[in-house]
Amino acid sequence: MSKIPEMFGMYVFNDKKMKERLPKSTYKALKKTIQDGEPLDLSVANVVAAAMKDWAIEMGCTHYTHWFQPMTGVTAEKHDSFIQPDGDGVLMEFSGKELIKGEPDASSFPSGGIRATFEARGYTTWDPTSPAFIRDGSLYIPTAFCSYTGEVLDKKTPLLRSMERISSEAVKILHLLGRTDVTRVITTVGPEQEYFLIDRELYDQREDLIFTGRTLFGAKAPKGQELDDHYFGAIKTRVAAYMRDLDEELWKLGVLAKTKHNEVAPSQHELAPIFTTSNIANDHNELTMEIMKKTAEKHGLVCLLHEKPFAGVNGSGKHNNWSLSTNTGENLLSPGKHPEDNLQFQIFLAAVVKAVDEYQDLLRATVASAGNDHRLGAHEAPPAIMSVYLGDDLGEMVESIINGEEYVSHGKERMLTGVDVLADFKKDTSDRNRTSPFAFTGNKFEFRALGSALNIGCPNYMLNTMVAEQLSQFYVELKDAENMDKAVRSLVKNVLSEHHRIIFNGDNYTEEWAEEAKRRGLLNLKSLPEAFSHFMDRKNVELFVKNKIVTESEYRARYEIELETYCKQLNIEALTMIDMARKKITPAVTAFIKEMTDAALAKKALSADIPTSVEEGLVKSLSNKLVCFVKMTAELEDAVMNARAHREDCLAYATYFREVVFAKMQELRAVGDSMETETASEYWPYPSYSELLFGVE
Ligand code: ADP
Ligand code: MG
C-alpha cells in the first residue's frame, strides 16, 4: 500500500514530469498557458512534444492519439505511430504540430446537419490544461474537436469556453467587492458515478443488454431492494477485487478515486472521486467510465452504465457536485460562519438561484436521455421538476433577507445540546435531502438529475454559462453604485424575492410537490421530447450566443443530435424487443405449452381420474397471453414502420417515438414478463432477474 503515492499518476505527463523533463523556459511558458489561459507558441509545443514522446517511448508506447469527445457522448481516438522513414529504417518522431493539431475525418461524427460528408475535414486541438496520459501503448492527448470551418463539434470546447466566461464575470464581481487579489475563478466538479456489475456469462445470453444496455424483458425477482440491505452493505469478494483493481488503474491515470460503496439496488455500486477543475473532471469521468468497463472484462464481469438496466429496482445516476473557487484558493460557495453578513457568498448564491429558475428548462434538457427518462420522477431519482434545496438554516436566512428581518443563526444553539448536532447531521444524509435535483450541500451545489452514462460536459457548460450570465447582469447593475454594500444587499434581496419559487426544501417525491410546483409555475417536463420542447426558446439560444459559447447553428445542431439519438435508441430497443419476442420468447412459450399439453394428454390416456387442471390451466393462460403477445409484437413492428412519416421535424419524430413506440414497448413487455412468471425456467430463453441481480458472489 505504501506504493500508492509512487503509483499515482505514473501514466500521466503531469506537472512533476514536465518540471523534470522540460527546459525551465518551456516549462514556464506552458504553465502560463495552463494557469492563465495564454496562447501557446509552436516553438514551445515542439519542445513539449519531444519530451512527451521520449517519456511515452520509455513507457513502452509506439503510438499517440488525439482523444476527443464528439457529440456521440463517448470518447473517440485514432492512433498514429511515431515512426518516420529514415533511410532503410525509421525514427520515432513527434512534432509540436502533431501535438497541437490532429485531423480526424469529421463527416462520420454526428453534426446535426452542419457538416456534409463532402466537407469531411475536422480538427482536434490540444487542450494543454488537461494532462496527456498513457493507455495500452499509446500516448493520449486530450483535445477539443471542431470542423474545418470552425464549427464546434464536441462536448469539450463549450465547456472550456464556459469556464473562461464564468471566470471573467466572477472576477469582475469580486473586484467590485474589493477582492482585487483574485485574478481567476475556476469551476470545480466532483461527479459521483453509479454503476451495475453483472456476470459476463449471463450478460452474453441477453441481446437486450448487448444491444441496448438495459433489459427489455424481465419479470421482477422475488427480492429487490426493499430490505435496504445492499446500500452500504459489505462488499462481495469478487466485487471487492474488481473495485481494488479499478482504483489502482484510475490512480495510475491520476484520477482521484476516493469513495466506493454498494448502492441501493442489488448489484449496484458507486465510485466518487475527489473534485477537481471542471474540464479535468470531465476527462476523468469519461476515463473512469471506460476503465470501469475495461476492468470488468478482466474479472468476468460486465459494468452497466445505463440509467435503468433493470425495471423495479433503482437505476443509476451521477451527482454533479459543483462549485467555484478562486486562484487564491477560496471556495466562493462557502457560507462561512455568518452567511447573513457574507455578501460575497450571498451574491453567488443569488446568481445560482436565479440561473436555475430562469433556465430550469435547459437544466432539465441537459440531463435528458432515453435512459434517464426511466428515472426522473420515478421516486428513485429527483423529479423532472427543477428546484433548489438550501436546507433549513440557509433557507431561513433567505426568508429573512426577503422579509427584511434580522437573521439569527441557530448554529450555536444546536452545537450546545449535542443531540441536535446528530439530528442535523442525519437530516443532511436523509432521503428528504436526496430527493432534490439541485441541492446546496455545505459549500457546493449538487446537481443530482444526471444519468449515469451522461458526459458531464454538457450540464456543466450550461450551468457555467447560465451563472455567468447572471453575474454579468449583476455587474451591470452594481458597477456604478456609490455604496456597494447597500447596493449588493438590495440586489440580493430583489433577486431572491423574485426567484423564491425555485427554492424548495421539502420532499420532492410527493404528489403535493408536483401540485405545488405547478402552482408556482415551475416546469414539469417528464420525458426527453418534452424537455427539448423549450430548448430552442429564444432566451436559451441567446444565452449561448451572447456568451459566445456556441453559435445559433451549432446550438441547433445539438438539439437535432439529441433528438435524433433518442429516436435511434428507441428504434434499436423496439427492434431488439421484436427480435427477442419472435425468435426466442414465442418459441419458448410454445414449447412449454406443448410440454404441458403432452403431460395432460398422457395423464388422460393413463386414466380419466387423474386431475389435469394444473396443466390445462397453464396451457389456457399461456395460450391466451401468447396470442396477445404475438399481436402486440406485430403492433410494435407497425409502430416502428410508421415512424418514418414523422421524420420531417425532429421534435415530432421524438414525440412519436415516446408516445407511440415506447408505449407499445411497455405493453409488450408487460405481457412478456407475465408469461415469464408462468413458464418453467428451463424453458425461458433468458437469464432471470434473480440470476442477473444476485448472480455475482
Ligand atoms: P456526499 O454526501 O454526496 O457523498 P461528499 O462530501 O462525499 O458528499 O462529496 C461528494 C463529492 O463532492 C465528492 O466528489 C467531492 O470531492 C465533491 N466536492 C466536495 N467539495 C467540492 C467542491 N468545492 N466543488 C466540487 N465538488 C466538490
Ligand atoms: Mg451525493
Side-chain angles (χ1 to χ4, degrees), residues 8 159 162-163 166-167 170 182 184-195 231-232 243 246-247 250-251 254-264 268-289 292 314 316-336 339 342 344-345 348-349 351-352 355 380-382 388-391 394 422 424-450 452 454 456-457 459-464 467 508:
F8 187 83
L159 177 64
S162 75
M163 289 165 66
I166 198 168
S167 173
V182 177
R184 210 169 158 78
V185 166
I186 299 123
T187 49
T188 52
V189 170
E192 301 165 56
Q193 177 72 47
E194 291 180 342
Y195 62 98
Y231 190 52
F232 280 23
M243 286 177 165
L246 173 64
D247 276 339
L250 291 173
W251 290 334
V255 178
L256 293 157
K258 174 81 174 164
T259 312
K260 52 187 179 186
H261 62 81
N262 285 349
E263 258 300 329
V264 173
Q268 192 186 28
H269 315 282
E270 180 182 300
L271 180 144
I274 296 171
F275 71 94
T276 180
T277 313
S278 297
N279 64 319
I280 295 175
N282 186 183
D283 287 355
H284 281 181
N285 184 245
E286 289 299 304
L287 261 181
T288 300
M289 291 193 284
M292 276 179 164
N314 277 12
S316 299
K318 182 140 60 189
H319 289 178
N320 191 83
N321 294 272
W322 175 92
S323 192
L324 295 159
S325 92
T326 64
N327 61 319
T328 53
E330 186 184 346
N331 182 346
L332 293 172
L333 290 177
S334 186
N342 186 345
Q344 180 181 299
F345 168 70
F348 285 99
L349 176 72
V352 175
E380 56 165 76
V388 177
Y389 172 92
L390 292 180
L394 216 51
L422 273 180
D424 243 10
F425 177 71
K426 226 178 148 192
K427 204 180 281 167
D428 216 44
T429 51
S430 81
D431 253 10
R432 267 168 67 82
N433 178 313
R434 286 177 46 141
T435 66
S436 173
F438 206 93
F440 185 75
T441 45
N443 58 4
K444 62 188 190 288
F445 275 99
E446 191 168 342
F447 186 17
R448 294 177 173 141
L450 283 72
S452 47
L454 192 71
I456 63 170
N460 281 293
Y461 88 72
M462 294 209 166
L463 185 56
N464 292 347
V467 175
N508 283 252

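Both ligands and their constituent atoms are indexed starting at 1 by order of listing. The analysis underlying the following values was restricted to heavy atoms, covering all of them including side chains, and did not include hydrogens, waters or symmetry mates. What you see is a predicted model; the values in this text were computed from it and never measured.
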Mind telling me whether His269 and Tyr195 have parallel, tilted or perpendicular rings, with 30° and 60° as the class edges? tilted
Going by the order shown, which atoms of ligand 1 are within less than 4.0 Å of some heavy atom of Asn331? 23 (N)
Evaluation steps, side chain to side chain contact (heavy atoms under 4.5 Å, CB included), between Leu246 and Thr288: CA-CA 9 Å; Leu246 173 64; Thr288 300; 5.5 Å; no
Going by the atom numbers of ligand 1, which of them fall below 4.0 Å from some non-hydrogen atom of Glu446? 3 (O)
Looking at residues at least two apart in the chain, or sitting in another chain, which of them share a side chain to side chain contact (heavy atoms under 4.5 Å, CB included) with Pro335? Pro339, Phe345, Phe440
Thr441 and ligand 1 - part of the residue with a heavy-atom distance under 4.0 Å: neither
For ligand 1, is there an N or O atom under 3.5 Å from any N or O atom of Pro273? yes
Tyr231/Gln268 under side chain to side chain contact (heavy atoms under 4.5 Å, CB included): CA gap, chis, key distance, verdict: CA-CA 9 Å; Tyr231 190 52; Gln268 192 186 28; over 6 Å; no
Check: of His319, Gln193, Glu192, Arg434, min heavy-atom distance to atom 3 (O) of ligand 1 comes from Glu192
Can you list the ligand 1 atoms lying under 4.0 Å from a non-hydrogen atom of Ile274? 16 (O)
With sequence neighbours left out, what residues match Ala272 under side chain to side chain contact (heavy atoms under 4.5 Å, CB included)? Glu192, Thr259, Glu270
I'd like to check which ligand 1 atoms, numbered from 1 as shown, lie under 4.0 Å from a non-hydrogen atom of Gly190. 14 (O), 25 (C), 26 (N)
Nearest neighbour of atom 17 (C) of ligand 1 from the list Asn321, Asn320, Leu256, on a heavy-atom basis: Asn321
If we count only N and O atoms by modelled type, under 3.5 Å, do the side chains of Ser323 and Asn331 hold a donor and an acceptor together? yes
Of all heavy-atom pairs linking Pro459 and Leu454, the shortest is CG-CD2, 3.7 Å
Taking distance alone, with N or O pairs closer than 3.5 Å, would you say Phe275 contacts ligand 1? yes
